[in-house]
**Student:** 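One structure is given below, represented as structure tokens, and several questions about it will come after.
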Amino acid sequence: MRSARIAVALAVPALLVGSLTACSSSSKSSSGSGSAGAVASAGAAAGAAGAPDLGSKAALLESAAVMQKAGSANVTVSSSDSSSGNGTGVYAWGTKPALDLAEQESGKTVKFRLVDGGSYLGVADDQAALLGGKHWVNLAAGGGSGLGDPFTALAVLMDPTAELTVAAQNGTLSKVGSEQVAGAATTHYRSTMQAADLVGKMPSLSDAQRKAALQVVTDGGSTVITDFWVDAKHQLLQMGEQNVDGSSPSAGANPTASTVKYADLGVKVSVSAPAASDQADPTVAAKLLSSLG
């Protein structure tokens with residue numbers, strides 16, 4: 001699954017499915033995301049608690065509008081896969097996405113940044129020997145190797161505005177019920193759709209990134225089940241995904257699920273590229289990715 005594999009990308013990841021190309025030292029992302037037109041009429045800003053119950057489609061579109069306006073959040077990424085730990089970071093979505101994330105992958109610290117058109121993979125001190133003593137490698141460098149495409153695609157798949165909009169307009173929707181998330185009352189909605197349809201509707205992806213995203217999204221099955229937990233202010237607090245073969249998990253199946261939690265909506269985001277002096281030659285990127293797999 002993507003989000004957690006963002007894990008990001010290491011498998012893609014997972015999640016870390018990548019979604020993005022960001023801007024250096026960006027503050028809150030611009031509200032005009034690639035899916036802005038699709039959600040512009042979805043609804044106004046956050047409503048008050050006790051708002052009337054909306055149908056699933058209208059509720060997801062309303063949430064998409066709220067998340068578009070927020071533009072950024074602190075994020076926590078997790079996976080049901082025991083080899084992956086929680087990842088934490090900050091993410092600004094929109095026309096100039098930026099992501100700064102760190103997580104545990106197979107017991108190793110993995111860092112990922114999307115900024116200023118570059119996608120960077122980083123390691124902690126105990127793994128720096130793999131990079132000749134450096135801590136970062138620019139995946140977008142490497143002479144068209146395409147190593148950065150899955151990561152960039154991943155960020156797009158973490159974009160709550162895009163995910164909510166695509167699900168609302170193309171998924172088979174249901175309302176699961178009322179649940180607590182991080183101490184807040186939320187309504188749980190579910191979307192089921194073909195992975196190819198989800199990727200095909202995602203905005204702002206090049207052909208290469210879309211192909212990479214499809215590989216990530218279909219890891220585990222051709223059908224994507226996406227769960228959204230939305231609070232009374234129409235804010236998306238949590239998104240979960242799993243891939244299955246068919247419209248629901250088979251009996252006895254245990255598909256890997258990934259979860260992204262969004263907190264502190266509208267937080268200021270400032271992401272910069274790693275110092276050039278701390279970047280290894282991009283030709284070692286493949287070796288680094290292999291060691292983290």
Side-chain angles (χ1 to χ4, degrees), residues 1-8 13-20 22-23 26-31 33 35 39 43 45-49 51 59-60 62-80 84-94 96-104 109-115 154-165 167 176 178-190 226-241 257-271:
M1 220 217 131
R2 323 187 293 258
S3 324
R5 293 170 194 172
I6 212 178
V8 212
L15 246 227
L16 279 224
V17 76
S19 300
L20 342 151
C23 77
S26 68
S27 62
K28 220 171 63 166
S29 161
S30 158
S31 62
S33 72
S35 56
V39 300
L60 294 189
E62 183 74 15
S63 183
V66 169
M67 297 304 285
Q68 178 186 334
K69 183 176 181 179
S72 63
N74 287 321
V75 294
T76 300
V77 178
S78 60
S79 171
S80 63
S84 298
N86 290 346
T88 59
V90 63
Y91 173 34
W93 50 89
K96 293 181 178 180
L99 176 65
D100 192 358
L101 185 81
E103 77 154 33
Q104 293 294 312
T109 299
V110 180
K111 302 176 183 179
F112 180 63
R113 288 183 190 173
L114 278 167
V115 57
L154 200 64
V156 169
L157 292 169
M158 289 177 63
D159 183 338
T161 300
E163 284 275 5
L164 286 159
T165 301
V176 179
S178 300
E179 299 174 15
Q180 292 281 320
V181 173
T186 70
T187 302
H188 179 182
Y189 299 94
R190 176 166 293 162
T226 308
D227 292 280
F228 303 98
W229 287 263
V230 179
D231 71 8
K233 295 182 179 180
H234 311 298
Q235 300 173 132
L236 178 65
L237 301 189
Q238 180 172 293
M239 177 175 71
E241 269 182 357
S258 62
T259 301
V260 182
K261 293 183 178 180
Y262 303 90
D264 305 318
L265 299 186
V267 66
K268 183 177 181 180
V269 175
S270 181
V271 181

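Predicted, not measured: the structure shown is a model, and the values here were computed from it.
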**Student:** Are the side chains of Q238 and T259 in touch, meaning some heavy atoms are under 4.5 Å apart?
**Tutor:** yes
**Student:** Without hydrogens or angle criteria, can the side chains of E179 and T186 be said to hold a donor-acceptor pair below 3.5 Å?
**Tutor:** no
**Student:** When you measure from the side chain of S72 to the backbone N and O of K268, does any donor-acceptor pair fall under 3.5 Å?
**Tutor:** no
**Student:** Taking side chain to side chain donor-acceptor pair (under 3.5 Å) as the definition, give me every residue that meets it alongside D231, ordered by chain and number, with sequence neighbours left out.
**Tutor:** Q235
**Student:** Determine whether E62 and V230 make a side-chain contact, defined as any pair of heavy atoms from C-beta on separated by less than 4.5 Å.
**Tutor:** no
**Student:** Roughly how far, to the nearest 0.5 Å, is the OH atom of Y189 from the CG atom of D227?
**Tutor:** 13.0 Å
**Student:** Side-chain contact test, heavy atoms from C-beta onward, threshold under 4.5 Å: evaluate it for E163 versus E241 and give yes or no.
**Tutor:** yes
**Student:** For the residue pair L237 and A184, what are the closest heavy atoms and their distance?
**Tutor:** CD1-CB, 3.8 Å
**Student:** Could you tell me if the side chain of V75 sits less than 4.5 Å from the side chain of Y262, heavy atoms only?
**Tutor:** yes
**Student:** To the nearest 0.5 Å, tell me how far T187 OG1 sits from H234 NE2.
**Tutor:** 10.0 Å
**Student:** Quick one: closest heavy-atom pair of T161 and D159, and the distance?
**Tutor:** N-OD1, 2.9 Å
**Student:** What is the distance from atom NZ of K111 to atom CG of L101, rounded to the nearest 0.5 Å?
**Tutor:** 11.5 Å
**Student:** Might you point out which heavy atoms bring Y91 and M158 nearest each other, and give the distance in Å?
**Tutor:** CE2-O, 3.4 Å
